[in-house]
Protein chains: 4
Amino acid sequence: MSEIEPWLTELLRLNDEEEKMTDKQIKIVQAAVEIFSEKGFAGSSTSEIAQKAGVAEGTIFRHYKTKKELLLSIVAPMMSKLIAPFAVKDFTKVLEADYPDVEQFLRAITINRLEFARKHFPIIKIFMHEIPFHNELREQFKETVAVLVLEKAYKAIRHFQKQGQLIELPEPTAMRLIVSTIMGFLITRFLLVPDSEWDEEEEIDYTIKFILYGLSPR
Amino acid sequence: MSEIEPWLTELLRLNDEEEKMTDKQIKIVQAAVEIFSEKGFAGSSTSEIAQKAGVAEGTIFRHYKTKKELLLSIVAPMMSKLIAPFAVKDFTKVLEADYPDVEQFLRAITINRLEFARKHFPIIKIFMHEIPFHNELREQFKETVAVLVLEKAYKAIRHFQKQGQLIELPEPTAMRLIVSTIMGFLITRFLLVPDSEWDEEEEIDYTIKFILYGLSPR
Amino acid sequence: MSEIEPWLTELLRLNDEEEKMTDKQIKIVQAAVEIFSEKGFAGSSTSEIAQKAGVAEGTIFRHYKTKKELLLSIVAPMMSKLIAPFAVKDFTKVLEADYPDVEQFLRAITINRLEFARKHFPIIKIFMHEIPFHNELREQFKETVAVLVLEKAYKAIRHFQKQGQLIELPEPTAMRLIVSTIMGFLITRFLLVPDSEWDEEEEIDYTIKFILYGLSPR
Amino acid sequence: MSEIEPWLTELLRLNDEEEKMTDKQIKIVQAAVEIFSEKGFAGSSTSEIAQKAGVAEGTIFRHYKTKKELLLSIVAPMMSKLIAPFAVKDFTKVLEADYPDVEQFLRAITINRLEFARKHFPIIKIFMHEIPFHNELREQFKETVAVLVLEKAYKAIRHFQKQGQLIELPEPTAMRLIVSTIMGFLITRFLLVPDSEWDEEEEIDYTIKFILYGLSPR
DNA sequence: AATGAATGAGAGTTCATTCAT
DNA sequence: AATGAATGAACTCTCATTCAT
């Protein structure tokens, strides 16, 4: 863990704009991510984090008032990144200009999220485990995702339906089927068979085709 | 929580064959399921469980040597139920006799798992949250599921592929796409929109059709 | 431990006169002696004793109101046996009749205590460990030993001093030197080198001679 | 107990070389020695120690991982002091130069151990009570004492035997008789009659003479 | 007489957090 | 900014003892 992790540079960049993080603080976050993702938030102790980070126990609480604040400081900024691809102002324009057909759109989204997951894997794991236990997380997630992403995503679905590229079913249902498939792809890749050889290109292809055939008119 | 929960009667039945559970023990398990599923294993305290169960804290440890043993006593028996539909001896015969086409097979599996999830929801939630943190669980799961279910499932896929009802793609890939879709259906139903109105019949239909179109030759 | 231990038959005999012990009670005492002597009183748990005795936890408390009562029921009766050799009415007569010289007296005492220690070893161990922590034990010991044994022992010392067989030094000092030597002999035999081969006859001889030379006029 | 005990200054000195003990830590050790020696290790509770030391219970465990570690930190360093008189490199030289006859040698040893016992009495008491129940203690004791002390002591015995000052009997036997007598002296002094008036000079004299007469050729 | 489930006080230990340095 | 000793509440677990059966 001596090389700098991708999620860390992201996190640094996010925080950088606000204020500098000290060396020790970086070490703390690094250790916290590792331990939280390995044992879960409640199963991790601040003293263990301090030890792995090579700082005194008190130092953690100089930067984060509570253990929970440390968790949130890790997980919250990742959420805005999560929804980044949809946070464009003129979504419909992008859609029309860049993605003439569903396939290209789906492929772009899938690859984009694949890279995102690859980069932020440990934090995503933490996020998914803790979201049921922390209202702040859930609320924050609902606000950003529900409002921003869902709206844009439905718009995209309707767009392609109008073009006759997707069959007519309720947007939430279409959304569910697409997201399930892509999430299943990511979970399989990163959780179930992380080490085994798998032909990524091919699997992406199968996955996109599956959605396409499943949702396009015959 | 004074009415008897469905998962409890199941659990009782499983244990009944071996030895009787006392009244207090039932109360303990009941309370533990509730609290574990609400706060996670590490976030729950035995004293809280004891209080909710209306027993002395020591009583818990009379029946379960450790807090973890209590967890396993709840989660482990559910695993065998999880794979029950595949634990038939002569699987191919059942396949041929009962399910002339993929659609009926998929529909049966989906509805069956839907009912299962409805019954065991809190325990499944506990299981899914704890499996990354407990080796015993992971091992046990791998042994039962990997060996039993995967094998049978692949057989079914090959069976329908030979009949020309499914397109030719690697069994693991086909499996992944199907399972993703069904799991996404269940997660949506029980976690994301548990209270909202949703037309279950219709959603099942959409889901099955999606898989069908996605995987059958045109 | 399935054969009946010598200290047990003694204990049974002592109690027999008062009341019968049930089978389970015997098992309890047997287990208690073993465990107390191995782990100390405070370090032993009644549940462990019950388990080793093959009885229910409650059964112990049917026979002994408290854990401590169980301890005392084991240790107390041994005390009267401890002082038995001195509990003769007409001690001086015995002395004159049976032991014409100190050597024979010392040899008799030593061998007698050796046999006693061999028989009651585990209980003696318990006794010696617990006496500093239990006032009842200490009081009881002082009353019996101080009053009975010391008095008689001093009498014997004076007796042999008058005869010129022992040099003139204060009885307590003489007593201390003799007892130290014999106790050292027993402790070596049973605690320090319990398993190693040692020529008992010879060691007894050395020990007696040592005391004799150390205390007799040249 | 507000004055500083002699054994404490010793213990501090031993540890000082390695690392400083905090004020509270000293208080903890002080309280632990008192309570362990009064009630035995298993019979003492950490909460009682904390209370007597005037610290929070958690503080104990900041300095000692377990209750047992606290015990060992008290008892172990005393063991090296116990054998100090024999831990001289050129033992035979010391023997020849400083102790021309057995009497002076025995007297020196006795007085030296008497002072040692006076200083470390509570810790010695703890040590002797706990040694049967803790393998680490027993092993450590065997290693240091058996190897170091016994060897040297036997050498001394042979030395005086060669000079004709001691009769020819097996070294272990001679050792046993001498140690028994001195230990008996110390136990009497500190355990049996701690408060009563006793003429120490005189008693030492009797004791030395007893060993001398008992073991020297006539 | 015997059981063993149940108890609740208290055991040893961990923990997030504070604070003087 | 950083330390690490100190805290005390809370944790898991053990124990001697009780009591309905």
Side-chain angles (χ1 to χ4, degrees), chain A residues 20-25 28 42-51 53-70, chain B residues 20-25 27-28 42-50 53-70, chain C residues 20-25 28 42-51 53-70, chain D residues 20-25 27-28 42-50 53-70:
Chain A
K20 288 262 176 256
M21 281 173 96
T22 70
D23 252 31
K24 302 250 168 187
Q25 198 174 355
I28 288 168
S44 310
S45 79
T46 51
S47 84
E48 196 185 352
I49 293 170
Q51 204 184 344
V55 304
E57 294 190 45
T59 308
I60 293 176
F61 292 92
R62 197 135 287 282
H63 297 286
Y64 307 93
K65 270 208 289 295
T66 64
K67 187 187 166 193
K68 189 158 188 177
E69 203 181 288
L70 172 58
Chain B
K20 288 261 177 264
M21 282 171 97
T22 69
D23 257 30
K24 304 250 169 185
Q25 198 173 355
K27 288 250 182 68
I28 288 167
S44 311
S45 79
T46 51
S47 88
E48 197 184 352
I49 293 170
V55 305
E57 205 169 345
T59 308
I60 293 176
F61 293 93
R62 182 145 288 278
H63 295 289
Y64 307 92
K65 273 205 285 293
T66 62
K67 187 186 165 194
K68 187 159 187 174
E69 202 181 289
L70 173 57
Chain C
K20 288 264 179 255
M21 281 173 96
T22 69
D23 253 31
K24 303 250 167 186
Q25 197 173 356
I28 289 168
S44 310
S45 79
T46 50
S47 85
E48 196 185 352
I49 293 170
Q51 204 184 344
V55 304
E57 295 190 43
T59 308
I60 292 177
F61 294 91
R62 195 135 290 280
H63 296 287
Y64 307 93
K65 268 206 289 295
T66 63
K67 187 185 167 193
K68 188 158 188 175
E69 202 181 288
L70 172 58
Chain D
K20 290 259 175 268
M21 282 172 96
T22 68
D23 258 30
K24 303 251 169 183
Q25 196 174 356
K27 289 250 182 67
I28 288 167
S44 311
S45 80
T46 50
S47 87
E48 196 183 353
I49 294 171
V55 304
E57 207 171 344
T59 308
I60 293 176
F61 293 93
R62 181 145 288 277
H63 295 288
Y64 307 93
K65 272 204 287 292
T66 62
K67 187 186 167 194
K68 188 159 188 174
E69 202 182 288
L70 173 58

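Reckoned from all heavy atoms, side chains included, excluding hydrogens, waters and symmetry mates. Just so we're on the same page: letters track the sequence lines, and every chain starts at 1.
- Nucleic acid contact class of T59(D) (heavy atoms, under 4.0 Å, all strands): base.
- In this structure S45(A) satisfies the side chain to side chain donor-acceptor pair (under 3.5 Å) test together with S47(A), sequence neighbours excluded.
- Rounded to whole Å, atom P of dG4(F) lies 13 Å from atom CD1 of I28(A).
- When each of dT3(F), dG4(E), dA6(F) is scored by its nearest atom to the side-chain atoms of H63(D), the top-ranked nucleotide is dA6(F).
- For G43(D) against A42(C), the heavy-atom pair with the smallest separation is N-CB, 3.8 Å.
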Please list, one pair per line, the donor and acceptor atoms closer than 3.5 Å that link side chains of residues 53-62 of chain C to other protein atoms, with sequence neighbours excluded.
from	atom 1	to	atom 2	distance (Å)
E57(C)	OE2	R62(B)	NH2	3.3
T59(C)	OG1	A56(C)	O	3.3

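- Not counting sequence neighbours, E69(B) has no partner by the side chain to side chain donor-acceptor pair (under 3.5 Å) test.
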Summary of protein contacts for nucleotides 13-21 of chain E, nucleotide by nucleotide, where a base hit scores B, a sugar-phosphate-only hit scores S (4.0 Å, heavy atoms) | BBSBBB---
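- Rounding to whole angstrom units, CG of residue L70(B) and C1' of dC13(F) are separated by 13 Å.
- Separating the CD1 atom of I60(C) from the P atom of dA5(E) is a distance of 15 Å, rounded to the nearest angstrom.
- Helical stems in DNA chain F, defined as runs of 3 or more consecutive Watson-Crick or G-U wobble pairs with donor-acceptor distances under 3.5 Å: E:2-21 with F:2-21.
- Of the residues near DNA chain E, G54(C) and T22(B), the one whose nearest nucleotide (by heavy atom distance) lies more toward the 5' end is G54(C).
- Listed by chain and number, the residues in a side chain to side chain donor-acceptor pair (under 3.5 Å) with E48(C) are K39(C) (sequence neighbours excluded).
- dG4(F) atom C1' lies 14 Å from atom NZ of K24(D), rounded to whole Å.
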